[in-house]
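These numbers come from the heavy atoms of this one structure, side chains and all, not from hydrogens, waters or symmetry mates. In what follows, every chain begins at residue 1, and chains take the letters A, B, ... in the order their sequences are listed.
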Number of protein chains: 2
Amino acid sequence: MVCAKPDTRQRLIDTAQELLWKKSYGSVSVDDICKAANVNKGSFYHFFPSKAELAIASMEMTYQETKTTYDQIFSASKQPITRFEDLADYICERQAEIARKYSQVCGCPASSLSCEMAGQEQGIREKYDEIIRRKESYYESALRDMAAEGLIPDGTDIKSVAHEISTFILGQLMLARIQNDIAALQRDLKPGLFRILGLKGGAPQK
Amino acid sequence: MVCAKPDTRQRLIDTAQELLWKKSYGSVSVDDICKAANVNKGSFYHFFPSKAELAIASMEMTYQETKTTYDQIFSASKQPITRFEDLADYICERQAEIARKYSQVCGCPASSLSCEMAGQEQGIREKYDEIIRRKESYYESALRDMAAEGLIPDGTDIKSVAHEISTFILGQLMLARIQNDIAALQRDLKPGLFRILGLKGGAPQK
DNA sequence: ACGCCTCTTTACTGATCGGTCAAGTAATTT
DNA sequence: AAATTACTTGACCGATCAGTAAAGAGGCGT
């Protein structure tokens with residue numbers, strides 16, 4: 001079949017990622033995805049056993065894209081504090097870019113999807129846990145480097161702090177999506193992160 | 001019609017609240033709600049012009065229930081710090097109670113719903129903004145009392161801190177829902193709140 | 001040239017979706 | 001007692017839902 005229609009599977013994943021990010025699992029149909037990806041329904045079910053499985057595949061792809069960036073941001077050659085600073089900048093820039101592209105602040109696709117499907121699609125929950133565990137391992141490693149440099153107190157519970165960081169970011173992204181506004185994100189993300197790290201923890205000034 | 005079927009409207013709201021909390025807007029149909037509330041579809045559309053309007057009504061009712069509790073928790077007769085402490089306890093207890101009742105951690109119904117419908121149902125977004133503004137006004141008032149007692153630095157941006165508090169709580173509740181686990185909530189909510197307030201802001205110890 | 005395998009195409013299923021409609025019932029107003 | 005009002009009832013609408021079936025097209029190893 002040469003390559004008249006290459007990457008059908010990938011086109012489905014890309015399209016699903018975009019539509020699910022903009023809207024929601026419940027309000028995007030398999031037909032919507034097929035139409036937007038220019039794929040027939042039969043082909044869809046050749047590649048994916050169900051709509052939920054495509055959603056899971058799109059979560060994985062989104063993570064893989066993020067991973068590439070995270071490997072840069074959390075490069076061990078950088079100061080650990082700089083890594084978190086760069087993370088905050090990246091998140092803000094990325095959200096701004098997506099908001100421009102899709103005319104809407106979209107937040108974290110995996111979190112929105114998992115929240116919607118909580119208690120309904122076990123597979124989505126499992127994929128989410130996997131992704132958040134992998135992300136937290138970046139934070140943990142940076143935190144350990146901070147501890148080694150004496151930047152955070154000895155005996156700090158690294159895993160617990162890493163988890164607080166991901167929870168904090170989740171909250172910021174969720175609210176940005178709901179309010180369709182990244183102003184609060186841009187204002188609060190970096191200082192909030194720093195306060196969790198125990199650095200210049202003062203409350204915001206007028 | 002005497003009262004063979006009283007409170008049809010209220011039964012619809014109560015049922016919608018429960019089903020939307022447990023599942024999601026997209027996976028709960030008008031028929032589901034009608035069946036569970038033992039109401040005919042025609043009656044549904046006598047009281048509500050659309051599914052979305054019922055969802056909005058259920059958001060408002062949930063807030064009204066919360067408001068009663070908030071008025072106790074944020075009683076001006078209490079120490080402001082105690083108010084936040086009681087808030088954290090209340091949230092944990094409430095989530096535990098709901099999780100028991102529905103066999104699932106449910107998080108914040110308004111936030112989950114608003115996240116799902118972001119950019120699709122303007123009315124839901126507006127109701128969410130209204131609710132979060134009202135909640136933040138409780139935090140602001142307590143923060144002002146703290147400032148008056150010199151518990152937080154002069155010149156602190158009260159509104160910004162109040163917003164950080166609600167964002168923080170949102171993140172904790174979202175993750176609790178997604179992971180169907182309130183352990184992290186019980187562990188992190190109070191210390192996180194205190195750190196935002198600038199009190200014993202140390203990182204968690206092992 | 002053959003069959004095999006991967007993928008595409010199209011038509012189709014039965015269920016369910018949000019929402020409408022018109023007739024009916026019963027208390028209240030006039 | 002008639003008209004009005006508030007609500008109920010259940011059938012009904014066309015559209016859409018996730019998923020299936022079956023036939024075919026094209027490349028590939030033999």
Name the closest nucleotide to the A:N40 side chain, picking from C:dT8, D:dT8, D:dC17. C:dT8
I'd like to know if B:E97 pairs up with B:R94 as an ion pair, taking the criterion as any Lys NZ or Arg NE/NH1/NH2 lying under 4.0 Å from an Asp or Glu carboxylate oxygen. yes
Check this one for me: any side-chain N or O of A:S29 less than 4.0 Å away from OP1 or OP2 of D:dT16? no
In whole angstrom, give the distance that lies between atom CG of A:L12 and atom P of D:dG19. 14 Å
Could you check whether A:Y139 and A:F74 have their ring centres less than 6.0 Å apart? yes
Gap between atoms CG and P, on B:D7 and D:dC7 respectively (whole Å): 11 Å
Between A:Y25 and B:V39, which has a closest nucleotide on DNA chain D that is more 5'? B:V39
Salt bridge check: are A:D129 and A:R125 linked by an N-O gap of less than 4.0 Å? yes
Between C:dT8 and A:T8, is there an OP1 or OP2 to side-chain N/O distance shorter than 4.0 Å? yes
Here the distance between atom P of C:dC7 and atom CD of A:Q10, to the nearest Å, is 14 Å
Out of C:dG18, D:dA18, C:dC17, which has the shortest distance to the side chain of B:K41? C:dG18
Taking DNA chain C as the partner, which of residues 42-62 of chain B come within under 4.0 angstrom of it by heavy atom? B:G42, B:Y45, B:S50, B:K51
To the nearest 0.5 Å, what is the distance between OG on B:S27 and CD on B:E116? 7.0 Å
Between P on D:dA18 and CD on A:E121, what's the gap in Å once rounded to a whole number? 12 Å
Is B:R133 salt-bridged to B:E130, cutoff N-O under 4.0 Å? no
So that I can tick it off, tell me whether B:D71 and B:K67 are bridged by a salt bridge, with the cut-off set at under 4.0 angstrom between side-chain N and carboxylate O. yes
May I have the distance from B:I33 (atom CD1) to C:dG19 (atom C1'), rounded to whole angstrom? 13 Å
